[in-house]
Amino acid sequence: MIRRNRRTIAICWLLLLAVALSWDRAGWLHVSLNPKDPAQAARLAVLQSRDWYRLLRIAGYFPTWLVVGAALVLAEHSRRERGLALPGAPSPLRRGTLVVLAAGVSGLAAEAFKFVVGRVRPEDSEGWNRLWGLGERWSRGSDLSMPSSHAAVAFGAAFMLGRLYPGLGWLALPLAAGCGLTRVLAGAHFVSDVVAAAILGWAACAAIWAWDARNNSGSTADRA
């Protein structure tokens with residue numbers, strides 16, 4: 001049953017990625033702001049100064065999740081000291097570590113996949129799907145597009161928060177999606193780059209969760 005569910009989820013992700021790929025050009029034309037166009041660059045500068053934009057953008061900043069992880073450790077430790085922790089729940093340190101790990105592994109994996117895919121950023125290709133050659137990928141590492149590493153960081157952490165705190169994912173995942181939106185609005189990524197980042201974040205979270213369970217007697221509870 002578990003394998004069947006995973007297969008179904010994987011198929012849904014791939015279908016979503018296929019849809020996003022087919023709409024990448026439209027997204028560039030109607031949603032993204034081209035930073036190389038003076039008029040649109042001015043609009044983008046105003047947009048990036050908005051508080052809501054900054055809030056969403058910072059969700060893809062790895063140190064943000066270091067702070068969140070530390071906050072979880074302190075909050076859960078306080079609950080445990082007062083006898084409010086749920087029986088069998090992961091320890092405070094594990095909760096914080098899992099969130100930070102999910103964010104970090106997702107971001108690093110995204111950087112690695114960028115080189116493998118070699119996709120040109122939309123701002124450098126006028127919104128068309130193009131790939132850099134192997135040599136160019138080495139010299140233009142910052143110009144690689146798929147997947148978005150910032151969105152991957154945000155999604156990895158959001159999926160892990162949803163696993164640790166059932167229901168919290170409904171808050172964390174829209175925040176991660178908003179981070180991806182800021183990257184599309186800024187013309188730095190295609191819509192499919194964000195979807196690919198979400199897939200990577202989900203996969204990294206699932207792998208870390210399974211690894212953690214195997215190292216804790218096959219459950220999410222700490223060893224005695």
Side-chain angles (χ1 to χ4, degrees), residues 13-65 103-158 174-204:
W13 276 125
L14 291 176
L15 289 175
L16 181 59
L17 180 61
V19 171
L21 284 167
S22 67
W23 284 89
D24 274 341
R25 175 66 176 169
W28 163 257
L29 292 174
H30 302 294
V31 179
S32 300
L33 294 172
N34 186 355
K36 296 186 177 182
D37 179 274
Q40 294 190 43
R43 291 172 56 196
L44 179 59
V46 173
L47 181 66
Q48 291 175 330
S49 69
R50 304 294 187 188
D51 289 340
W52 65 266
Y53 185 98
R54 293 175 177 176
L55 171 66
L56 296 175
R57 178 67 174 77
I58 203 172
Y61 182 51
F62 176 68
T64 297
W65 299 106
V105 170
S106 298
L108 289 174
E111 289 297 326
F113 271 92
K114 277 185 180 181
F115 181 80
V116 173
V117 177
R119 193 183 201 185
V120 180
R121 289 188 183 272
E123 61 185 8
D124 295 322
S125 65
E126 290 298 318
W128 296 105
N129 187 15
R130 297 174 183 169
L131 302 178
W132 292 114
L134 288 178
E136 293 171 312
R137 296 180 195 185
W138 285 109
S139 61
R140 307 189 61 134
S142 62
D143 295 327
L144 299 176
S145 178
M146 177 184 268
S148 166
S149 53
H150 288 92
V153 167
F155 274 108
L175 186 66
C179 175
L181 176 62
T182 64
R183 306 305 292 145
V184 174
L185 288 172
H189 288 284
F190 292 99
V191 174
S192 61
D193 294 340
V194 175
V195 174
I199 296 173
L200 199 56
W202 171 76

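Numbering of residues begins at 1 and proceeds along the displayed sequence.
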Counting distance only, does the side-chain N/O of [X] pair as donor-acceptor with the main-chain N or O of [Y] below 3.5 Å?
X	Y	answer
Trp28	Val184	no
Thr64	Ile58	yes
His189	Ser145	yes
Ser49	Val46	yes

Could you work out, with side chain to side chain donor-acceptor pair (under 3.5 Å) as the rule, every residue matching Arg119, not counting sequence neighbours? Asp24, Asn129, Ser192, Asp193
Applying side chain to side chain donor-acceptor pair (under 3.5 Å) to Asp37 and not counting sequence neighbours gives none
With rounding to the nearest 0.5 angstrom, report the [atom1] to [atom2] distance, [X] to [Y].
X	Y	atom1	atom2	value
Phe190	Trp23	CZ	CH2	15.5 Å
Phe115	Arg137	CZ	CZ	6.5 Å
Met146	Lys114	CE	NZ	11.5 Å
Ile199	Ser106	CD1	OG	12.5 Å
Arg43	Leu33	CZ	CG	5.0 Å

Check: residues 50-57 side-chain donor-acceptor pairs under 3.5 Å, at least two apart:
| unit_1 | atom_1 | unit_2 | atom_2 | d |
| --- | --- | --- | --- | --- |
| Tyr53 | OH | Thr182 | O | 3.1 |
| Arg57 | NH2 | His150 | NE2 | 3.4 |

Neighbour count >12 (heavy atoms, 6.0 Å) for atom CZ, Arg130: yes
Kindly check if the number of other-residue, nucleotide or ligand heavy atoms within 6.0 Å of OH (Tyr61) is above 12? no
If you look at every heavy atom in [X] and [Y], which pair is closest and at what distance?
X	Y	result
Phe155	Ala197	CB-O, 4.2 Å
Val153	Ala103	CG2-O, 3.6 Å
Pro35	Leu44	CB-CD2, 4.1 Å
Ala109	Leu200	C-CD2, 3.6 Å
Pro147	Ala110	CD-O, 3.6 Å
Ala59	Leu175	CB-CG, 4.0 Å

Step by step, would you call Glu126 with Asn34 a side-chain contact (heavy atoms from CB on, under 4.5 Å)? CA-CA 9 Å; Glu126 290 298 318; Asn34 186 355; 4.1 Å; yes
Kindly indicate, with the supporting measurements, whether the criterion salt bridge (Lys or Arg N to Asp or Glu O under 4.0 Å) is fulfilled by Lys36 and Asp124. CA-CA 9 Å; Lys36 296 186 177 182; Asp124 295 322; 2.5 Å; yes
Checking side-chain contact (heavy atoms from CB on, under 4.5 Å) for the pair Val120/Leu131: CA distance, chi angles, key distance, verdict? CA-CA 5 Å; Val120 180; Leu131 302 178; 5.6 Å; no
